[in-house]
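Taking it in order: structure first as structure tokens, then the write-up.
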Number of protein chains: 2
Amino acid sequence: MVTRKEVALQAGVSESTVTRVMNGGYVSPSVREKVAKVIEEMNYRPNLFAQGLRTKRTYQIACIVPSIDNPFYGEVMQGIEEVAIEHGYVLSMYSSRVVNKSPGRSFFSGRNDAVILLSPGESRGWLLRDLWEAHMPLATFWDWETEAPSPSVSVDLRIGMQAAVEHLVSLGHRDIGYIGYMNPARAETDRNPRLTGFKESMAAHGLRTHPDQFQYTADRGSLDAGYHGVEELVGKFPGLSAIVTSNDLLAFGAIRWLEEHGIHVPEDISVVGCDDIAYSALSNPPLTTIAIPKREVGNHLMNLVLSLIESRKSHHDGSEHIQVPIELVVRSSTAVKRTNTE
Amino acid sequence: MVTRKEVALQAGVSESTVTRVMNGGYVSPSVREKVAKVIEEMNYRPNLFAQGLRTKRTYQIACIVPSIDNPFYGEVMQGIEEVAIEHGYVLSMYSSRVVNKSPGRSFFSGRNDAVILLSPGESRGWLLRDLWEAHMPLATFWDWETEAPSPSVSVDLRIGMQAAVEHLVSLGHRDIGYIGYMNPARAETDRNPRLTGFKESMAAHGLRTHPDQFQYTADRGSLDAGYHGVEELVGKFPGLSAIVTSNDLLAFGAIRWLEEHGIHVPEDISVVGCDDIAYSALSNPPLTTIAIPKREVGNHLMNLVLSLIESRKSHHDGSEHIQVPIELVVRSSTAVKRTNTE
DNA sequence: GAACGATATGAATTCGAAATCATAAATGCC
DNA sequence: GGCATTTATGATTTCGAATTCATATCGTTC
């Protein structure tokens with residue numbers, strides 16, 4: 001690898017001058033041109049380690065996602081990327097699985113200028129604390145209104161769930177089931193805005209709910225979970241005319257099982273999902289779902305982190321919180337409740 | 001950030017000794033224990049830049065993917081990750097969109113120990129060359145048998161396409177359409193194993209093909225492309241009884257359009273996809289598709305890169321090529337050709 | 001034309017760890 | 001018990017750039 005020293009030698013100037021040509025400073029036009037030419041010819045590229053050692057800047061920001069093959073997070077990351085690139089930053093993504101298993105705990109530190117945590121609940125408990133203690137600039141994304149210590153972007157799924165339930169009720173549904181992800185380490189309603197929102201809305205409409213109407217899965221965002229989830233659900237509570245799921249993937253899995261068993265969506269049972277991933281608009285049937293503006297969320301996150309870096313602060317003071325509004329997108333997986341004889 | 005110097009001071013030893021405690025070397029048990037304790041207490045973590053500057057190792061490997069929200073690549077990356085983590089490496093992912101737009105061209109260099117390129121064709125031409133010239137350890141994934149200069153993993157889609165066509169022909173189909181991604185910068189059959197394989201197989205079965213049977217899209221892996229693709233295709237070639245698409249996403253989009261227009265899959269038209277992404281098994285209908293063992297591909301890629309790093313070689317000599325076998329998975333989007341009156 | 005500020009360049013120091021070199025104490029060997 | 005090894009530790013150099021410090025030249029200005 002060619003170093004600054006070699007460039008200086010070749011151009012017949014001091015190393016300092018090479019630096020000035022690269023980073024600005026007093027250099028006469030003639031010298032500047034000469035040196036620039038040599039740099040180009042030798043294809044000189046400053047060593048990031050040396051640079052980073054001095055400046056403490058990497059221009060790389062880390063994004064930790066629960067799972068890389070979940071399209072929801074993919075779309076959020078697109079949004080992050082857009083802004084990152086605009087500002088000359090590189091985005092590096094790590095899955096929290098890896099982060100959790102990683103031997104050196106806070107390995108981002110020193111390697112990234114900041115980190116963005118998507119759904120921090122999925123990462124081991126110490127992660128947030130570690131980052132905090134390391135004074136690492138940090139922004140987080142949550143799916144509930146939060147008192148997060150770091151700047152954050154959030155989305156109020158409770159409101160989303162209200163809209164979903166309202167929509168179903170307006171179609172005449174009263175026996176509505178729920179299939180949702182639930183972190184096994186947590187209590188039922190502890191920080192589970194989807195579930196909480198669902199229950200609240202049901203109550204608000206005067207609809208009693210029975211425990212059998214709920215089906216939980218520990219497998220976030222898996223199709224299989226949805227597939228087997230409905231199976232159990234309709235088994236223990238056969239009277240359902242509609243189902244709400246805590247994400248689109250679950251909904252797809254559920255629809256599949258239903259179709260395989262001759263139960264048609266939406267004719268026999270209505271299904272509403274949550275997230276509105278790209279596929280949802282073109283699935284069969286197109287899914288009624290709670291739409292989260294993923295790209296926008298990503299944009300906000302990156303901007304938050306950017307301003308932290310610029311101001312050289314970490315998160316230890318008045319944090320900014322941005323709440324992104326969401327809305328129900330009605331498509332074809334929901335319909336008026338059937339009233340014919342059973 | 002606490003440095004080695006401070007630790008040394010606190011523990012009453014020299015900096016060298018601290019290093020020895022951390023990285024191995026002659027240290028008496030008593031001193032080792034004492035220093036280790038101080039390290040723990042002060043939560044000392046070596047500076048990656050200083051470390052990297054000296055050792056030229058980052059323990060981070062870069063993976064460049066055409067688009068992060070494509071589940072296909074997500075699954076490959078899972079496979080890469082599995083192996084990476086086992087060996088203490090961190091995986092950082094970059095989308096080629098970003099890489100292409102990035103100002104500093106070879107920004108991985110110095111930041112990553114190696115790079116894995118998925119579908120290099122999607123990245124700007126200079127990328128491969130740049131990495132090559134920088135002697136960066138490199139492994140690539142291609143969807144055709146290749147004479148790639150770097151160690152590589154590939155998959156022979158021509159064989160996959162043969163299986164697909166054979167399957168359809170055995171079901172009685174003769175008028176088979178094709179919807180596929182095509183890099184606009186390339187000639188029709190230039191390095192397009194899917195298309196080539198399709199044409200060859202058709203010919204092998206004595207089936208003539210008309211240009212109108214083909215529909216190309218410049219939008220790799222998009223649902224919309226599939227949606228609008230079939231529309232055009234059936235418009236210009238109405239007699240089709242089956243369609244082959246170059247990836248599952250296109251297939252889903254196509255199925256959606258067909259269903260919306262009262263054309264049922266597989267009763268009226270059979271559809272086969274390619275990739276077998278997670279969703280395909282539970283889509284509606286479950287998709288017949290050419291299955292690529294994505295996780296396995298990822299494992300191989302990481303192993304290749306690992307051995308390059310270990311042997312401190314880049315790719316400039318006898319490169320290893322691994323061809324991963326693929327097979328057609330028959331599900332419910334294909335059926336015997338309808339023979340009733342039209 | 002002496003003095004001052006702006007322009008232009010080179011030399012020395014610094015970042016934090018690893019690697020090399022140097023030295024001291026403990027141990028083994030004949 | 002003297003000398004060669006091991007064992008154990010400290011001092012010095014090095015990695016490659018940024019930053020600070022020092023110096024030299026050129027214009028202005030009065």
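Below, chains carry the letters A, B, ... as their sequence lines are ordered, and counting in each starts from 1. Only a predicted model underlies this, so the values are computations on that prediction, with no experimental measurement involved.
- Ranked by how close their nearest DNA chain C nucleotide is to the 5' end, A/G25 and B/E15 are led by A/G25.
- Counting non-hydrogen atoms under 4.0 angstrom, B/S16 reaches a base of the nucleic acid.
- In this model, no side-chain donor or acceptor of B/R45 finds a partner on the base of C/dA17 within 3.5 Å.
- The phosphate of D/dA18 (OP1 or OP2) has a side-chain N or O of A/T19 nearer than 4.0 angstrom.
- A sub-4.0 Å separation between OP1 or OP2 of C/dG16 and a side-chain N or O of A/K56 is present.
- With A/L117 as the partner, the side chain to side chain contact (heavy atoms under 4.5 Å, CB included) test is satisfied by one option alone out of A/V65, A/T140, A/L301: A/T140.
- The residue B/T3 sits close only to the backbone: its heavy atoms come under 4.0 Å of sugar-phosphate atoms, none of a base.
- You'll find that the side chain of B/R20 is closest to C/dC21, out of D/dC15, C/dC21, D/dA17.
- Counting heavy-atom neighbours within 6.0 Å of B/E33 CD, excluding the residue itself, gives a total of 12 or less.
- Taking a cutoff of 4.0 Å between a charged side-chain nitrogen and a carboxylate oxygen, A/R4 and A/E15 qualify as a salt bridge.
- Side-chain proximity of A/V27 to the nucleotides C/dG16, D/dA17, C/dT9 is greatest for C/dT9.
- When the P atom of C/dT20 is taken as reference, atom OH of B/Y26 falls 16 Å away, rounded to whole Å.
- Among the atoms of the strands shown, none is found under 4.0 Å from any heavy atom of A/V18.
- Contact check, B/S28 against D/dT9: a side-chain N or O comes under 4.0 Å of OP1 or OP2.
- Between the CG atom of B/L48 and the P atom of C/dC15 there is a distance of 18 Å, given to the nearest Å.
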Trace of the side chain to side chain contact (heavy atoms under 4.5 Å, CB included) decision for A/R111 with B/V90: CA-CA 11 Å; A/R111 185 172 265 159; B/V90 157; 3.8 Å; yes
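- Across the protein-nucleic acid pair, A/Q51 atom CD and C/dT14 atom C1' stand 15 Å apart, rounded to whole Å.
- For B/Y44, whose side chain is taken as the heavy atoms from C-beta onward, the closest listed nucleotide among C/dT7, C/dA17, D/dG16 is C/dA17.
- Of the side-chain N and O atoms in A/T17, one or more sit less than 4.0 angstrom from OP1 or OP2 of C/dG10.
- Each of D/dA17, C/dA17, C/dG16 was ranked by its minimum atom distance to the side chain of A/L53; first place goes to C/dG16.
- Judged by atom type and distance alone, A/R54 reaches the base of D/dA18 through a side-chain donor-acceptor pair under 3.5 Å.
- Distance, A/R4 CZ to C/dC15 C1': 13 Å, rounded to whole Å.
- By the 4.0 Å N-to-carboxylate-O rule, B/R295 lies too far from B/E75 to be salt-bridged with it.
- Per the geometry, CG belonging to A/L9 stands 14 Å off P belonging to D/dA17, to the nearest Å.
- A donor-acceptor pair under 3.5 Å links the side-chain atoms of B/N47 to the main chain of B/F49, judged by distance alone.
- A/N23 has a side-chain polar atom (N or O) that falls below the 4.0 Å cut-off from OP1 or OP2 of D/dA18.
- Considering only side-chain atoms of A/N47, the nucleotide from C/dA18, D/dG16, C/dG16 that sits closest is D/dG16.
- Relative to the side chain of A/T55, the nucleotides C/dT9, C/dA17, D/dA18 differ in distance, and D/dA18 lies closest.
- One interatomic measurement links the two molecules: CZ of A/F49 to C1' of D/dA18, which rounds to 17 Å at whole-angstrom precision.
- For A/M22 and D/dT19, the CE to C1' distance is 16 Å, given to the nearest whole Å.
- When each of A/P46 and B/V31 is assigned the nucleotide of DNA chain D with its nearest heavy atom, B/V31 is the one assigned upstream, toward the 5' end.
- At whole-Å resolution of the value, NZ in A/K5 and C1' in C/dA12 are 14 Å apart.
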